[in-house]
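All remarks here apply to the structure that follows.
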Amino acid sequence: MGEDRKKKHPPKSDCWPNDKDYLDGATELFLPSEKYLRAYWDADIIDDDKNPQDTIIESNEAFTVRFRVELKGRLWKCICGHWCFDLGFTAIGDGKDFNLSDVLPAALKPDLRLCDWEGCDTTCIDLTIIVPPGTIPADCCGTLYQVGAKFELRCCGDCDCDDNGDDNGNGDDNGNGDDNGNGKGKKRGHLAVAGHEPQGEYMFV
C-alpha cells in the first residue's frame, strides 16, 4: 500500500544521494510495525520440582531451559536469518560470571542457535535444552546467581558468533587466509532484532 508523502524538503536518499529528482517525486510506503512486524518472546528455567516458585536447583541434577518466540505480521514471512539464544549468570558473592554457552558441553552448544531460519517456513520458534548435571558451578555452600535470558536475530552472515573475517568473510580465526590465499573466516551478520528478559535469582547447591 502506498501513501503519498511528498514533502517540500524530503529526506536525503541513502541509495541515490546525488539524484535530487528521485526524492522529489518519491512516495513513502506506509508499513506500520504494529500491523506487519510484531514479536513476542519468553524464556523459562524449568526444574523437575513441582513448585514453579522454587529457584533452588541441585547442581547434580539436570534442568531444562526453554526459549520461545512468536512472530506476528505478514512481513515476517519474507524475513530469514540466524537466531541465537543464551542465559547469562552473574554470581552474587563469590563465584564466576558466565554465559550458559560458555559451560555447555560442545555437543549441546549448537542447540542454542537456529540457523538458516526462514519466516515462510515458521513464525513459531521453540528451543528447549536439557542442561546436564554439573554444568552450572556451585561451591560447598551453594552459589547464588542473577540470571538473564537473551536472544538475537542476525541476517546476511554466518550462523556462529565468530567475527574474525573481513567484509567479504575472508580470514581464519586469526584473520589469515590459508596457504593458497583462500579465506577461512566467518563474518557475523547484521543485527535485526535483539531482546532480553530477567529470570531472577537462582541458587545452585
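Keep in mind the model is a prediction, meaning the values are calculated, not measured. Residue indices begin at 1 and follow the sequence shown.
Applying the side chain to side chain donor-acceptor pair (under 3.5 Å) criterion to Lys77, with sequence neighbours excluded, gives no partner residue. For Leu144, the side chain to side chain contact (heavy atoms under 4.5 Å, CB included) partners are Ile92, Glu201, Met203, not counting sequence neighbours. In this structure Pro17 satisfies the side chain to side chain contact (heavy atoms under 4.5 Å, CB included) test together with Lys12, sequence neighbours excluded. Every residue meeting the side chain to side chain contact (heavy atoms under 4.5 Å, CB included) condition with Lys150, not counting sequence neighbours, appears here in chain and number order: Asp86, Asn99, His196. Residues passing the side chain to side chain contact (heavy atoms under 4.5 Å, CB included) test with Arg68 are Asp42, Asp44, Arg66, Asp126, sequence neighbours excluded.
The backbone N or O of Ala43 lies less than 3.5 Å from a partner atom in the side chain of Glu197, making a donor-acceptor pair. His82 contributes no side-chain N or O that, together with a main-chain N or O of Trp117, makes up a donor-acceptor pair within less than 3.5 Å. A distance-only check finds a donor-acceptor pair linking the side chain of Trp76 to the backbone of Arg38 [under 3.5 Å]. Thr143 contributes a side-chain N or O that, together with a main-chain N or O of Asp139, makes up a donor-acceptor pair within less than 3.5 Å. Within the 3.5 Å criterion, the main-chain N or O of Phe204 finds no donor-acceptor partner in the side chain of Ser59.
Follow the hydrophobic side-chain contacts under 4.5 Å out from Ile56 and you never reach Val131; the two are in separate clusters. Leu191 and Phe151 are not part of a single hydrophobic cluster, where members link through side-chain heavy atoms under 4.5 Å apart.
Per the SG-SG cut-off, Cys84 and Cys159 are not bridged by a disulfide [distance not under 2.5 Å].
Annotation for Ile46: hydrophobic cluster partners, listed by chain and number, are none (ILVMFWY side-chain heavy atoms under 4.5 Å, direct or chained).
Contact check for Leu112 versus Phe67: side-chain heavy atoms found under the 4.5 Å cut-off. Counting heavy atoms from C-beta outward, Asp111 and Phe85 have side chains that stay 4.5 Å or more apart. Using a 4.5 Å cut-off on side-chain heavy atoms (C-beta onward), Cys155 and His190 make contact. Side-chain contact between Asp48 and Phe63 is absent, with no heavy-atom pair separated by less than 4.5 Å. Counting only heavy atoms from C-beta outward, the side chains of Thr128 and Val65 never approach each other to under 4.5 Å. Contact of the Ile136 side chain with the Leu100 side chain is registered, since non-hydrogen atoms from C-beta on lie closer than 4.5 Å. Ile79 places none of its side-chain heavy atoms less than 4.5 Å from the side chain of Cys120. Side-chain contact check for Ile45 versus Val147: some heavy-atom pair is nearer than 4.5 Å.
Atom-to-atom distance recorded for Tyr36:OH and Leu75:CG is 7.5 Å, nearest 0.5 angstrom. Atom CD1 of Ile129 sits about 9.5 Å away from atom OG of Ser101, to the nearest 0.5 Å. In this structure, Ile130 CD1 and Thr135 OG1 are separated by 11.5 Å, a value rounded to the nearest 0.5 Å.
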key: Working for ring pair (Phe, Tyr, Trp, His ring centres under 6.0 Å), residues Phe98 and Phe89   = CA-CA 5 Å; Phe98 56 90; Phe89 290 78; 5.0 Å; yes
request  = Apply salt bridge (charged side-chain N to carboxylate O under 4.0 Å, His left out) to Arg188 and Glu152, showing your working.
outcome  = CA-CA 12 Å; Arg188 199 175 185 190; Glu152 285 185 345; 3.6 Å; yes
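Ala62 and Asp47 get closest at one heavy-atom pair: O-OD1, 4.3 Å. Closest approach of Pro110 to Ala107, counting heavy atoms only: CD-O, 3.7 Å. Closest approach of Lys109 to Leu104, counting heavy atoms only: CE-O, 3.1 Å.
Counting non-hydrogen atoms of other residues, nucleotides and ligands closer than 6.0 Å to CG of Asn60 gives a total above 12.
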